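Right, one structure below, let's go through it.
This structure is a prediction, so every number in the text was calculated from the model and none was measured. Both counts, for ligands and for their atoms, begin at 1 and track the order of listing.
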Amino acid sequence: MKNVIEINKLTKYYGRSRGIIDVSFNVKEGEVFGFIGPNGAGKSTTIRTLLGFLHPTSGSAKIFDMDCTNESHKIKMNLGYIPSEVNYYDDMKIKDILQYSAKFYKKDCSKRINYLSDVFEVPLNKRIEELSFGNKKKVAIIQALLHEPKLLILDEPTVGLDPLMQNRFFEVLREENKKGVTIFFSSHILSEVQKLCTRVAIIKEGKILKVEEMEKLMSDNFKRIKLEFSKIEMVDHIKIPGMVSISKNERFVEFLYIGKINDLIKQLVQYDIENLSIEDPSLEEIFMHYYEKEVG
Ligand SMILES: Nc1ncnc2c1ncn2[C@@H]1O[C@H](COP(=O)(O)OP(=O)(O)OP(=O)(O)O)[C@@H](O)[C@H]1O
């Protein structure tokens, strides 16, 4: 499978302050790739460099094998971008904004505009100033999709959408992905990333901490263990190497376990346990774990 996005040692300094340092990863054709990190980690800097809005200090970024700085215009013919914040001229009608956008791609997008405005219930004849924040976001979504791009770069795309519209948006993304569209999905909402993405990059303080298949990230990581003891006194005696984030409540103990399940079971036989459950943690927990590990 060929790479749609190739980022190689990408570094961006804003004057003396760090944006991103030595960021390298690839996104393959047809992937739904998640990009996650805490505030100020460098997600927007990476995205803005991909879009040609920022020039890198060093390193390179390519989309469709074209340089993101020098060939941005050509790249954009096949790229759809949803920004986290949307700004439009207030007095323009939605249909005029969308038709104006469509002209850039030199193709007739009217059918697609009508289809998408039906899906997202966008009133094409209204002016921007009449719209709520969420409805403006929907206009940005249509704008990103109207020319049927091969790559979608999404920066916090669901912020402002109500749950119904979020679901519709995900349905549309799945449809697009089935048609072969590659999706680069940057989000703070980790449950969304977990639901949608097949691979994920974690960025922190400008550097990539990990690039991993979602399934592997979820299964190779720690597990969430829940134990129920027969007697409340036993709860205080539980001590197993590899247990972290422990919480105790009456006869119940919950913790995250890092290590081999076999080793855990060997340790558990010494306790009188009534019930046991082993679950995969959420992406949120994994993310917090990486974050805490780095900080601590
Ligand atoms: N225009 C700028 N001038 C100076 N520093 C900047 C500028 N834009 C971003 N930075 C710095 O670059 C670093 C990365 O910021 P960036 O906006 O890329 O992070 P982010 O991961 O998108 O954060 P958030 O999730 O809060 O949007 C931060 O330390 C930020 O302060």
Side-chain angles (χ1 to χ4, degrees), residues 5-27 31-63 67-69 72 75-76 79-88 133-134 136-137 140-141 144 151-161 166 169 173 182-197 199-212 214 217 282-296:
I5 300 177
E6 283 180 337
I7 303 178
N8 191 16
K9 291 188 182 275
L10 194 68
T11 299
K12 172 69 189 176
Y13 274 88
Y14 296 95
R16 280 193 170 175
S17 75
R18 175 283 291 168
I20 48 171
I21 301 167
D22 271 347
V23 166
S24 298
F25 62 85
N26 299 326
V27 178
E31 264 193 316
V32 186
F33 190 95
F35 194 40
I36 58 176
N39 290 130
K43 301 180 298 296
S44 299
T45 303
T46 308
I47 289 177
R48 290 167 69 207
T49 312
L50 286 174
L51 295 164
F53 299 156
L54 285 177
H55 288 195
T57 308
S58 61
S60 69
K62 284 182 171 183
I63 292 180
D67 185 79
C68 290
T69 311
S72 181
I75 292 171
K76 288 200 177 104
L79 173 72
Y81 165 56
I82 304 177
S84 52
E85 282 165 32
V86 289
N87 285 306
Y88 291 111
F133 175 73
K136 283 184 200 161
K137 191 81 186 225
I141 293 174
L151 170 65
L152 287 168
I153 294 186
L154 316 177
D155 191 1
E156 307 283 351
T158 57
V159 172
L161 297 184
Q166 286 181 15
F169 176 61
L173 289 184
T182 308
I183 300 174
F184 183 81
F185 190 96
S186 174
S187 178
H188 278 113
I189 307 165
L190 300 179
S191 55
E192 286 185 351
V193 176
Q194 189 173 344
K195 224 173 8 184
L196 206 70
C197 299
R199 219 152 57 96
V200 65
I202 302 177
I203 186 168
K204 181 169 174 264
E205 289 173 3
K207 294 183 181 163
I208 297 291
L209 291 184
K210 202 163 183 76
V211 181
E212 189 67 276
M214 181 63 80
L217 188 71
S282 65
L283 183 59
E284 197 123 31
E285 284 173 315
I286 293 174
F287 178 77
M288 286 309 289
H289 170 68
Y290 276 111
Y291 183 60
E292 280 164 6
K293 204 167 59 178
E294 288 293 308
V295 173

Next item on the list: Check whether any side-chain heavy atom of Asp155 lies under 4.5 Å from a side-chain heavy atom of Pro83, and answer yes or no.
Entry: no
Next item on the list: Taking the side chain as every heavy atom from C-beta outward, state whether Asn8 and Ser24 have any pair of such atoms under 4.5 Å apart.
Entry: yes
Next item on the list: Measure across Val193 and Ser187 and return the closest heavy-atom pair with its distance rounded to 0.1 Å.
Entry: CG2-CB, 3.8 Å
Notebook entry, point to check: For Leu161, does its backbone N or O pair with a side-chain atom of Gln166 as donor and acceptor, under 3.5 Å?
Noted result: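 Checked: pair present.
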Check: So Phe35 and Phe25, would you call those rings parallel, tilted or perpendicular, with 30° and 60° as cut-offs?
Finding: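 Rings of Phe35 and Phe25: tilted, 30 to 60°.
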Next item on the list: Give every residue pair that meets the side-chain hydrogen bond (donor to acceptor under 3.5 Å, both in side chains) criterion with at least one member in residues 32-50, sequence neighbours excluded.
Entry: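 As it turns out, the side-chain hydrogen bond (donor to acceptor under 3.5 Å, both in side chains) pairs with a partner in residues 32-50, which skip direct neighbours, are Tyr14-Thr45, Asn39-His188.
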Item checked: Protein residues having a heavy atom less than 4.0 Å from any atom of ligand 1 ->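 Contacts of ligand 1 under 4.0 Å: Tyr14, Ser17, Arg18, Gly19, Pro38, Asn39, Gly40, Ala41, Gly42, Lys43, Ser44, Thr45, His188.
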